[in-house]
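Working notes, structure below.
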Amino acid sequence: MQIEPGETIAYLGLGSNEGDRAAALEQALVALERTPGVRLLRRSTWVETELVGDGPAQGTFLNGVAELATRLAPVALLAICKELERAAGRTLPAARNHPRPLDLDVLAHGSVTIDSRELTVPHREWHRREFVTAPLAELGVDTATWRRWEPPQVLGTAAGLAALTTNWRTGGCSIGLVPTMGALHAGHRSLIDRARRECDRVAVTIFVNPLQFGAGEDLAAYPRGLERDVALCREAGADAVFTPSPEAMYDPGFASRIRVGHAASGMEGAERPEHFEGVATVVAKLLAIARPDRAYFGEKDAQQLAVIRRLVRDLGFPVTVVPCAIVREADGLAMSSRNIYLDAADRVASTVLCRALRRVDAAFVAGERDHGTLVQLARDEIATEPRGVIDYVELRSETDLTELPAGAIAADVAAAGVRMLVAVRFARGPRPVRLLDNLRLGAGCAGDAGADVGAGSDSAAAGTDA
Ligand code: PAF
């Protein structure tokens, strides 16, 4: 094969399943040959294939591969491909997996690796598609050095994550960050799913953050299962998982802490004095490293969410904080990584939190506005379950979780939203467990996952763990 100075070998995938398929593919090759800066070196035979993935009922494809010598940069070659697709009668942007008269993909371009919004090279799926690998094999192309994208990329260093997200940003990709402490469950999955829907690239962080555990808390015993977690991230379509060691996050000289003031006082802050300082510090660090456009947090930890919103506003992080609805078990228990600590009797008893919140919600919907009455209703319901001991029952403003005065809730405050938050301790089993739950009153069957709220909206989110 003759390559001239300034040329690069590139491979295109060609496909068609509408109209005269063979003619469309042959015409595309002729057009490519006539394109300045492109020389067609070789082409495979066409193979007949079925659609890969879901899509409307449609005919089979003819597919093949062309080997080019080109002076065009990858994006310029892509632009030519799009032009030829349009000329063949394809409407662009095209609906996913719909029939098409012509489909041209840049499979590879020399040894370059690109992961941008418009183009991923080598093609993201090349190694998973037989209609690409078989024609390449027919041409005897050596693909041993071609990058195989096997997301998620698992990264252990801040520098690695920063380099990856910088690369994404440079390629025009929007970035979603899902900070977690692992032991992932359906609540976390809903955060990743939402990030996947809203962002071009998604990074999940898995880090059991020692700074947010107090003395005597369950840092050492906190549930861990990296392999399972990475599998869940893979299934959810995350692009990267950042899983640093404590030493990689906090070098021996690490001495800075972020204190968030009022938002972190009371409720969880009263129970765990340094907890939110640890949360704020690690979240600030993750935001600084990854510089995401959007960061996703579960609403089960409503006070944590308020702390993070305050932090982001106060320090000017250019990120949209996206709250995601609580995900519940079928019987109403809010999902949490620590639920596995519940023994059978406590697990049955644990539904009392959700029952109490729903009872208060029903009263609120029926018009009850007295602060004390609403709190007492929750307390009475929780008291029906002798295994549970109340830590707190609080009624707070939805906007920033500030305390509400005693007496009747003013109409404008009720309209802006009020949220009830409860913490209940179950200490009779072999292992004491503290459960949190909360509900925005009058928001329908609030707290149930799937509420598709807008970016930065206050209305709803997933049960993760603080
Ligand atoms: O909610 C959690 O899992 C953690 O508190 C967070 C936000 C990942 C910080 O460590």
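Ligands are counted one by one from 1 in listed order, and the atoms in each one are counted from 1 as well.
Residue Gln304 has at least one nitrogen or oxygen atom sitting less than 3.5 Å from a nitrogen or oxygen atom of ligand 1, judged on distance alone. Considering both main-chain and side-chain atoms, Gln212 comes within under 3.5 Å of ligand 1 through a nitrogen or oxygen pair.
Here the OH atom belonging to Tyr392 is positioned 5.0 Å from the CG atom belonging to Leu436, to the nearest 0.5 angstrom.
Of the heavy atoms in Thr180, only backbone atoms (N, CA, C, O) come closer than 4.0 Å to ligand 1.
Under a 3.5 Å cut-off, the side chain of Glu130 and the backbone N or O of Thr49 do not form any donor-acceptor pair.
Around CD of Glu150, the count of heavy atoms belonging to other residues, nucleotides or ligands within 6.0 Å exceeds 12.
Each of the atoms 8 (C) of ligand 1 lies under 4.0 Å from some heavy atom of Pro179. Close approach of ligand 1 to Val282 (heavy-atom distance below 4.0 Å) involves ligand atoms 9 (C), 10 (O).
Using a 4.0 Å cut-off between a side-chain N of Lys or Arg and a carboxylate O of Asp or Glu, Asp115 and Arg201 qualify as a salt bridge.
Considering Leu353, Leu421, Val424 as possible partners of Asp437, the one that fulfils the side chain to side chain contact (heavy atoms under 4.5 Å, CB included) test is Leu353.
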